[in-house]
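Data block below; observations after.
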Amino acid sequence: MKFFADTGDVAEIRELAEMGLVDGVTTNPSLIAKAGRPLKDVIKEICAITTGPVSAEVAALDFASMMKEAEVLRKIAKNVAVKVPLTVDGLKACKALSSDGTMVNVTLCFSPNQALLAAKAGAHFVSPFIGRLDDIHIDGMDLVAEIRQIYDNYDYATNILVASIRTPNHIKQAALIGADYATAPPAVLKSLIKHPLTDKGIEMFLADWKKTGQSI
Ligand code: E4P
């Protein structure tokens, strides 16, 4: 399973990349607002850190304006994936951009049928938003499993990019289902490292090592 960092914070991406945890990055308008910096600068810097796909989202809602914005975004770097919402115009933009060889991430997917449409429009990624479904008491992982089955039934090449991840368990469950990618906030990715027995083991080894009086 590939990991994307879901953030517009360049310093955090750099740190995760040093641990080999960044196969790409996703951003959205909220994350860019949080970064408090110009979108183009942020995306350019991220694309210099990773050669993996970096999702940059259009803000327009109509097809013509989406295509104009996509033109600006895809010129920033070769590894930019243009992110479009799962709407009629978003699917039109997805179809046009994908046919032109641009990677498209269709975002804000909340149903298996929406995911089916994204695949038919040629999306490179579809982003089911798990946490936001969990927030309204619908199991987001059921959606991931259903999309997996549908894509496998028809051999769709669209990659399932599990998004709106809030917990380490979301990542484990997505991996068990066979989702292609997971995008998560840096804090969640880093929390995968932690285990109390690892910390305890280090403590015990250190104590015993001190008793030997040796140094390496
Ligand atoms: C994914 O591409 C989105 O940027 C992100 O996962 C949304 O997560 P949220 O629901 O925590 O805002």
Side-chain angles (χ1 to χ4, degrees), residues 1-10 12-13 16 21-37 39 42-43 45-47 49-50 52-61 66 69-70 73-74 76 79-87 90-91 93-94 97-98 102-111 114-115 118-119 121 123-144 147 158-175 177 179-192:
M1 170 183 252
K2 292 196 170 173
F3 284 172
F4 286 175
D6 196 26
T7 181
D9 185 323
V10 176
E12 285 193 304
I13 294 167
L16 289 167
L21 295 184
V22 178
D23 298 307
V25 172
T26 50
T27 65
N28 63 37
S30 306
L31 292 171
I32 296 297
K34 195 172 166 197
R37 302 177 52 218
L39 167 71
V42 174
I43 300 297
E45 279 178 39
I46 296 174
C47 288
I49 298 171
T50 177
V54 175
S55 288
E57 188 160 345
V58 298
L61 294 179
M66 274 185 196
E69 290 183 358
L73 296 175
R74 68 179 174 178
I76 298 174
N79 49 331
V80 167
V82 176
K83 215 172 175 190
V84 299
L86 218 156
T87 59
L91 288 178
C94 175
L97 291 165
S98 302
T102 299
M103 259 187 301
V104 178
N105 176 357
V106 177
T107 189
L108 291 166
C109 173
F110 293 97
S111 80
Q114 285 183 317
H124 188 78
F125 299 109
V126 68
S127 294
F129 275 39
I130 301 317
R132 293 192 194 188
L133 281 171
D134 287 355
D135 288 345
I136 58 163
H137 310 286
I138 293 173
D139 190 341
M141 279 305 150
D142 288 348
L143 171 61
V144 177
I147 299 173
T158 300
N159 294 287
I160 303 174
L161 168 49
V162 179
S164 188
I165 282 177
R166 306 269 163 81
T167 67
N169 262 343
H170 276 153
I171 296 184
K172 182 181 88 177
Q173 287 166 342
I177 289 168
D180 306 286
Y181 294 79
T183 188
V188 175
L189 290 176
K190 282 195 244 170
S191 73
L192 300 178

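As the structure is a prediction and not an experimental result, all values here were calculated from the model. Along the sequence shown, the residues carry numbers beginning at 1. Atoms within a ligand are numbered from 1 in the order they appear, just like the ligands themselves.
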Check your understanding: Which ligand 1 atoms are under 4.0 Å away from a heavy-atom of Arg166?
Key -> 9 (P), 10 (O), 11 (O)
Practice item. State whether the side chain of Thr107 and the backbone N or O of Val84 hold a donor-acceptor pair below 3.5 Å, judged by distance alone. Key: no
Check your understanding: Who passes salt bridge (charged side-chain N to carboxylate O under 4.0 Å, His left out) against Glu57, sequence neighbours left out?
Key -> Lys83
Practice item. Could you tell me whether Asp6 and ligand 1 have an N or O pair separated by under 3.5 Å? Key: yes
Check your understanding: Does an N or O from Arg132, backbone or side chain, lie closer than 3.5 Å to an N or O of ligand 1?
Key -> yes
**Study point:** Nitrogen or oxygen of Lys83 less than 3.5 angstrom from that of ligand 1
**Key:** yes
**Study point:** Within-shell test, Glu57 vs ligand 1, heavy atom, strictly < 4.0 Å
**Key:** no
Check your understanding: Is a donor on one side and an acceptor on the other found under 3.5 Å between the side chain of Asn159 and the backbone of Phe125?
Key -> no
Exercise for review: Could you tell me whether some N/O pair between Ser164 and ligand 1 is separated by less than 3.5 angstrom?
Suggested key: yes
Practice item. Calculate, to the nearest 0.5 Å, the distance between atoms CZ and CG belonging to Arg166 and Asp135 respectively. Key: 4.5 Å
**Study point:** Nearest-neighbour protein heavy atom for atom 7 (C) of ligand 1, which is reported as residue plus atom name and distance
**Key:** Phe129 CE2, 3.5 Å
Check your understanding: Mind checking whether Asn28 has an N or O less than 3.5 Å away from an N or O of ligand 1?
Key -> yes
Review point. Ala163 heavy atoms, cut-off 4.0 Å: which ligand 1 atoms fall inside?
Key: 1 (C), 6 (O)
**Study point:** pair Val162-His170: side-chain heavy atoms closer than 4.5 Å
**Key:** no
Exercise for review: Taking side chain to side chain donor-acceptor pair (under 3.5 Å) as the test, write out the residues that go with Thr102, two or more places apart.
Suggested key: Arg74
Check your understanding: Is Asp6 reaching over with its side chain to a backbone N or O of Thr183, donor-acceptor style, under 3.5 angstrom?
Key -> no
